[in-house]
Amino acid sequence: MLPIDVAAHGSRWRGRHPLEKALLGFGLTVTAVCLPPWPGGPLVAAATLAVLLGPAGVAGRQLWRAFRVPLGFCVTGALPLLVSVGGPDGFLAPAPDGPRHAVDLLLRTSAASLGVLLFAFTTPVSDVLPRLVRAGVPAPVVDVALVMYRIGFLLLDSLAQVRRAQAARLGQTSRAAAWRSVAGLAATSFIRAFDRAARLQEGLAGRGYDGALRVLVPPAPLSWRFLAAAAALPAGLVAGTLVLKELGL
């Protein structure tokens, strides 16, 4: 399993209903997108970090390892705003107000990414997908998502096994050997993926699969107190941002 999935399965909020955590996490994400980047972005990011590291119980090192990937995309997306192409100042020139636009985009997207990570770190996918059928999502769509989720982990496990076998056979000793190992890894993983998929289909057929995967969902009653707090936090951030904007900060 991926580290973020391990953290979600062991989260303090594992027993809470996914709707509660979705309202909090995606509410903070929408708030970060809709509010002005300054001071809305830093306020939302600070509040989300406080929830992640405090009540949610996410370790700081785990959070950084997961956050640095979307943060890299945020930085990559902000960098092009620093330059303009094909303008009157030449083919490539500094963009007017480029640094300000880049910082605004970085603040907004990084804060929004933290809101998504709040939901991911506290809610396993296996707790969300079965409940989507009750929400009106067609059962075949949910079944395909469950199977693909399972196959994804099987494929990652196969990749790790092949890489360990290649390293034990000195498959990384030179650049040429490394390229041969990469080619062998891709070919072997492709074959194993089809083999695992066929075996999974045979297993489902042997267990009387009739077009619907029935999964036991642990009961998780909704907490109206948590829902109220999840709605109050974005509302408070909106009010705080508007007050700070009125004060000229």
Side-chain angles (χ1 to χ4, degrees), residues 3-5 7-8 10-83 95-125 127-128 222-249:
I4 194 169
D5 291 281
S11 171
R12 294 178 185 173
W13 290 353
R14 170 70 192 279
R16 292 195 173 276
H17 197 285
L19 180 60
E20 301 174 359
K21 296 172 283 188
L23 178 62
L24 177 60
F26 295 127
L28 290 170
T29 299
V30 173
T31 303
V33 172
C34 296
L35 286 179
W38 179 266
L43 285 178
V44 175
T48 310
L49 283 174
V51 174
L52 279 165
L53 301 177
V58 179
R61 181 174 298 180
Q62 286 182 327
L63 178 59
W64 168 244
R65 288 179 178 176
F67 180 59
R68 62 187 180 184
V69 176
L71 181 61
F73 282 102
C74 296
V75 173
T76 304
L79 288 178
L81 298 179
L82 298 175
V83 297
D97 293 332
R100 181 176 62 83
H101 292 307
V103 171
D104 288 348
L105 179 63
L106 183 59
L107 290 174
R108 178 172 285 165
T109 53
S110 57
S113 300
L114 285 172
V116 176
L117 286 177
L118 174 60
F119 181 75
F121 264 107
T122 56
T123 312
V125 176
D127 288 354
V128 178
L222 287 172
S223 171
W224 295 106
R225 182 178 299 178
F226 190 95
L227 289 173
L233 180 58
L237 292 172
V238 171
T241 301
L242 295 179
V243 170
L244 292 176
K245 290 290 289 184
E246 287 294 329
L247 296 177
L249 298 177

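- Considering only heavy atoms from C-beta on, Glu20 stays 4.5 Å or farther from Trp13 through its side chain.
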Side chain to side chain contact (heavy atoms under 4.5 Å, CB included) between Leu222 and Leu19, worked out: CA-CA 8 Å; Leu222 287 172; Leu19 180 60; 4.1 Å; yes
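- With rounding to the nearest 0.5 angstrom, the CG atom of Leu71 is 8.0 Å from the OG1 atom of Thr109.
- Leu52 places none of its side-chain heavy atoms less than 4.5 Å from the side chain of Phe67.
- Taking the side chain as every heavy atom from C-beta outward, Leu244 and Leu43 approach each other to under 4.5 Å.
- Summarising the geometry, atom OG1 belonging to Thr31 is positioned 8.0 Å from atom CG belonging to Leu233; distances are rounded to the nearest 0.5 Å.
- Residue-environment remark: CZ (Arg100) exceeds the threshold of 12 foreign heavy atoms within 6.0 Å.
- At least one side-chain heavy atom of Phe226 sits less than 4.5 Å from a side-chain heavy atom of Leu24.
- The stretch residues 16-35 participates, sequence neighbours left out, in these ring pair (Phe, Tyr, Trp, His ring centres under 6.0 Å) pairs: Phe26-Phe119.
- Heavy atoms only, all atoms of each residue included: Ala78 and Leu105 are closest at CA-CD2, 3.9 Å.
- Residues Leu53 and Leu63 form a side-chain contact, since some pair of their non-hydrogen atoms from C-beta on lies under 4.5 Å apart.
- Shown here for Ala230 and Pro234, the closest heavy-atom pair between the two residues is O-CD, 2.8 Å.
- The backbone N or O of Ala7 lies less than 3.5 Å from no partner atom in the side chain of Ser11, so there is not a single donor-acceptor pair.
- Here the side chain of Thr123 pairs no donor or acceptor atom with the backbone of Ala120 at under 3.5 angstrom.
- Looking only at side-chain heavy atoms (C-beta outward), Thr48 and Leu117 stay at 4.5 Å or farther from each other.
- Residues Gly41 and Ala111 come closest through the heavy atom pair O-CB, 3.5 Å.
- Closest non-hydrogen pair, Pro96 versus His101, comes out as O-CD2, 4.0 Å.
- Panel note: side chain Arg12, backbone Val58; no donor-acceptor pair is recorded below 3.5 Å.
- Rounding to the nearest 0.5 Å places CZ of Arg14 at 7.5 Å from NZ of Lys21.
- Between Pro124 and Thr122, the shortest heavy-atom distance links the atoms CD-O, 3.9 Å.
- Side-chain N or O atoms of Thr241 include none that pairs as donor or acceptor with a backbone N or O of Pro39 at under 3.5 Å.
- Here the closest non-hydrogen pair linking Ala50 and Pro55 is O-CD, 3.5 Å.
- Within the 4.5 Å cutoff, no side-chain heavy atoms of Val103 are placed close to those of Pro37.
- Proximity of Val238 to Leu242: side-chain heavy atoms (C-beta onward) are separated by under 4.5 Å at one or more points.
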